Amino acid sequence: MRTIPADTHRILDIATVIVFVVAPLALGMTGLAAALSYLLAMVHLAMTLTTRFSVGQSRSVPLRLHGAIECAVGIGLIALPWTLRWHDATRGFYLSAGAVILLVWALSAYRVPASRASA
């Protein structure tokens with residue numbers, strides 16, 4: 001059941017960006033783990049700013065494509081700790097981030113709501 005509307009999803013995306021920025025500092029990540037977290041924050045912010053969340057927006061990324069990319073990223077984040085043999089807090093962070101992104105993906109309604117003017 002897809003219960004998270006597009007407007008709420010946009011807010012959750014901004015929260016995700018903040019988490020990816022704060023995590024390396026809070027968890028003491030360095031090197032590739034920290035760089036990847038900052039890169040994910042930038043990419044997630046760019047996706048959020050370019051996604052068409054409502055009718056009339058002239059943004060270039062359709063909401064359904066945004067959802068497909070989030071699904072792929074969630075799966076990738078879950079696989080990453082084993083691929084790179086990360087342990088402890090870094091592994092936990094990337095596993096948790098992937099799981100949360102997949103949960104939000106599963107619960108989000110990836111369709112642009114109808115305009116209020118046409119209702």
Side-chain angles (χ1 to χ4, degrees):
M1 188 158 100
R2 306 254 177 180
T3 59
I4 298 174
D7 287 342
T8 302
H9 186 99
R10 181 177 27 209
I11 294 166
L12 293 173
D13 279 349
I14 297 301
T16 300
V17 169
I18 293 167
V19 168
F20 278 120
V21 168
V22 171
L25 303 169
L27 300 174
M29 284 191 255
T30 59
L32 181 60
L36 185 58
S37 188
Y38 294 131
L39 177 64
L40 286 164
M42 290 187 295
V43 169
H44 212 93
L45 179 61
M47 281 292 298
T48 301
L49 294 175
T50 59
T51 296
R52 192 171 35 252
F53 284 98
S54 62
V55 172
Q57 286 184 325
S58 60
R59 295 176 180 175
S60 59
V61 177
L63 192 53
R64 287 184 187 257
L65 176 59
H66 179 106
I69 292 169
E70 281 185 342
C71 179
V73 167
I75 292 167
L77 290 178
I78 290 172
L80 197 62
W82 282 280
T83 305
L84 298 177
R85 298 184 182 164
W86 287 337
H87 300 284
D88 304 325
T90 300
R91 174 183 279 180
F93 169 71
Y94 280 99
L95 289 175
S96 298
V100 168
I101 287 171
L102 284 176
L103 178 64
V104 169
W105 170 80
L107 294 175
S108 290
Y110 287 103
R111 61 185 180 282
V112 176
S115 161
R116 292 175 200 238
S118 65

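Everything quoted here is computed from the prediction, not taken from an experiment.
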Query raised in the report: Of the non-hydrogen atoms in P81 and R91, which two are nearest, and what is the gap between them?
Result: CB-CG, 3.6 Å
Requested in this report: Would you sort out whether V19 and V100 count as a side chain to side chain contact (heavy atoms under 4.5 Å, CB included), showing the intermediate values?
Outcome: CA-CA 12 Å; V19 168; V100 168; over 6 Å; no
Query raised in the report: What distance separates L65 CG from T51 OG1, expressed to the nearest 0.5 Å?
Result: 7.5 Å
Report task. Could you state whether L40 and L84 fall into the same hydrophobic cluster, counting links through intermediate Ile, Leu, Val, Met, Phe, Trp or Tyr residues with side-chain heavy atoms under 4.5 angstrom apart? Result -> yes
Report summary line: Residues pairing under ring-ring contact (aromatic ring centres under 6.0 Å, His included) where one sits in residues 68-91, two or more places apart or in two chains, turn out to be W86-Y94
Requested in this report: Please list, chain by chain and in numerical order, all residues satisfying side-chain contact (heavy atoms from CB on, under 4.5 Å) with T8, sequence neighbours excluded.
Outcome: I4, P5, L12
**Report entry** Partner residues of S37 under the side-chain hydrogen bond (donor to acceptor under 3.5 Å, both in side chains) criterion, sequence neighbours left out
**Finding:** none
Report summary line: P62 and S60 have their tightest heavy-atom pair at CD-O, 3.3 Å
All N/O donor-acceptor pairs, side-chain side in residues 102-109, below 3.5 Å, sequence neighbours left out:
unit_1 : atom_1 : unit_2 : atom_2 : d
W105   : NE1    : G67    : O      : 3.3
S108   : OG     : H9     : ND1    : 2.7
S108   : OG     : V104   : O      : 2.7

Query raised in the report: Is there a path from V61 to V73 through hydrophobic residues (I, L, V, M, F, W, Y) whose side chains come within less than 4.5 Å of each other?
Result: yes
Query raised in the report: What is the distance from atom CZ of F20 to atom CD1 of I101, rounded to the nearest 0.5 Å?
Result: 4.0 Å
Report summary line: Smallest heavy-atom separation, G98 atom then L77 atom, equals CA-CB, 3.7 Å
Query - Pairing residues for L39 by the side-chain contact (heavy atoms from CB on, under 4.5 Å) criterion, not counting sequence neighbours - result: L36, M42, V43
Query raised in the report: If you round to the nearest 0.5 Å, how far is OG1 of T48 from CZ of R59?
Result: 9.0 Å
Report task. Output every pair passing salt bridge (Lys or Arg N to Asp or Glu O under 4.0 Å) with a member in residues 10-34, not counting sequence neighbours, ordered by first then second residue. Result -> D7-R10
Query - Test side-chain hydrogen bond (donor to acceptor under 3.5 Å, both in side chains) applied to T90 - qualifying residues, sequence neighbours left out - result: none
Requested in this report: For side chain to side chain contact (heavy atoms under 4.5 Å, CB included), just list the numbers for I14 and L45, CA-CA rounded to whole Å, side-chain angles, deciding distance to a tenth of an Å, and then say yes or no.
Outcome: CA-CA 7 Å; I14 297 301; L45 179 61; 4.2 Å; yes
Kindly list each side-chain donor-acceptor pair under 3.5 angstrom involving residues 22-34, sequence neighbours excluded, with atom names and distances?
none

Query raised in the report: Do other residues, nucleotides or ligands put more than 12 heavy atoms under 6.0 Å from the CZ atom of R64?
Result: no
Query raised in the report: Y110 vs H66 aromatic rings, parallel, tilted or perpendicular, using cut-offs 30° and 60°?
Result: tilted
Query raised in the report: If every non-hydrogen atom of L63 is compared with every non-hydrogen atom of A6, which pair is closest and at what distance?
Result: CD2-CB, 3.8 Å
